[in-house]
Amino acid sequence: MAPPIPSSSPLSPPSSSSMVAHLPRAPPASSLPLSRVWREIQGSNNWENLIDPLSPILQQEITRYGNLLSASYKGFDLNPNSKRYLNCKYGKKSLLKESGTHDPDGYQVTKYIYATPDININPIQNEPNRARWIGYVAVSSDDSVKRLGRRDIVATFRGTVTNPEWMANLMSSLTPARLDPHNPRPDVKVESGFLSLYTSSESESKFGLESCREQLLSEISRLVNKYKDEDMSITLAGHSMGSSLAHLLAYDIAELGLNKRRGEKDVPVTVFSFAGPRVGNLGFKKRCEELGVKVLRITNVNDPITKLPGFLFNENFRALGGVYELPWSCSCYTHVGVELTLDFFDVQNISCVHDLDTYISLVNRPRSSKSTVAEDNFGSNFFNKTSEMMFPKGQRRALRLRNAATKAAYLIGSVSNHIL
């Protein structure tokens, strides 16, 4: 009879624990080429382990989508004497190149998108509202598909520039989205001004454009059908007000099932939001999550626009002690998605706290660096110390709220004055 084989012998079967210990670990997503990890970069795992520290590939992709988005500003013609006033200065074939976009041959612009604010700020003249260029739809070129790992359909939306758009932003009331005619979902509510900008058309004009929504759904449906046999993603990038349109479009696509494919994975729908406001209520947030819509919010802690609407009544005010839902929680504005936080402020240039180019620049700086101003911190500390000495606790809280609201109003005014 052969002697028993010692457990340490190389012939003995390894235990389950030793098998696990010797299995090679999968390399992290940040160390693989984009073509192999694009689903993670698009948020399939909610950017787990990619935010802090910021993955170099995710950093690269945020910057790339930010640059594509910046073309929506650089191409917008604000010269009232120009024949292209409120339209794009360039043709679709030359937009990305003329705007200085990195790798302009990586995408082909397929459609320009226009939006009509449903507000007349000059009722005396009774002029119909004009549609204005708000962004574009593009698709990745054949050459870039190999590097990206899939066919990427992109829609970009610039932020508020004209007075009617600012007025639309101020219509801060929640209303049911009702974008799916077969299931209106009255509990899913969004900000009325954003919804109006998304759904309004030039109804008074004989040759008026379709709504922003109709233009977008038609073009994206066409592209999804054209490339139906390929791996594909739908990426929506927006800044400020444009971020709200990106949110609404992402929800709309998923709710209508335009990203569904029989027997295959759904086409991922991802929003890269730069300096975006809140868009809807808790019902909107939950429904986006159920539908698999992924949102990465790039925010600046000193940017007041990211704290609106719902400056006071928001996701932080829904629960008592973080446990008990309050009765009005369904009426509170709530952010959607995962947040990548930046921190910068320049007392000499207040508007920089909301500027897209500054956001893009800061994404590429070390996360530990801050562009804050010592004087501003001193002012906040001085206010807190003096109020503690002079006022009881209840009054101090009211004063802090008023001080915060005043600061936000000042910043919003400064930002709008610089943009307009």
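Side chains included, hydrogens not; waters and symmetry mates left out as well; all remaining heavy atoms used.
For the residue pair Phe344 and Val353, the shortest heavy atom distance occurs at CE1-CA, 3.6 Å. Scanning both residues, Ile153 and Ile220, for their nearest heavy atoms gives CG2-CG1, 4.5 Å. Of all heavy-atom pairs between Leu95 and Cys88, the closest is CD1-SG, 3.8 Å. Listed here is the closest heavy atom pair of Asn300 and Tyr359: N-OH, 3.0 Å. When all heavy atoms of Met241 and Leu197 are compared, the closest pair comes out as SD-CD2, 3.2 Å. Nearest heavy atom pair, residue Lys294 against residue Gln42, reads CB-O, 3.7 Å.
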Could you go step by step and tell me if His247 and Phe194 meet the ring-ring contact (aromatic ring centres under 6.0 Å, His included) rule? CA-CA 10 Å; His247 277 72; Phe194 300 150; 9.3 Å; no
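Between the Ser240 side chain and the Gly242 main chain, no donor and acceptor come within less than 3.5 Å of each other. In terms of modelled atom types and a separation under 3.5 Å, the side chain of Tyr251 and the main chain of Ala177 share no donor-acceptor contact.
Relative to the ring axis of Tyr136, Lys111 does not place its NZ or CZ within 45° and under 6.0 Å from the centre. A cation-pi arrangement, defined by a distance under 6.0 Å to the six-membered ring centre and an angle within 45 degrees of its axis, is present between Arg158 and Phe76.
Residues that satisfy the ring pair (Phe, Tyr, Trp, His ring centres under 6.0 Å) test with Tyr107, not counting sequence neighbours, are absent from this structure.
A donor-acceptor pair shorter than 3.5 Å can be found between the side chains of Thr63 and Asn364.
Using a cut-off of 4.0 Å between Lys/Arg side-chain N and Asp/Glu carboxylate O, Glu290 and Lys286 are scored as not salt-bridged.
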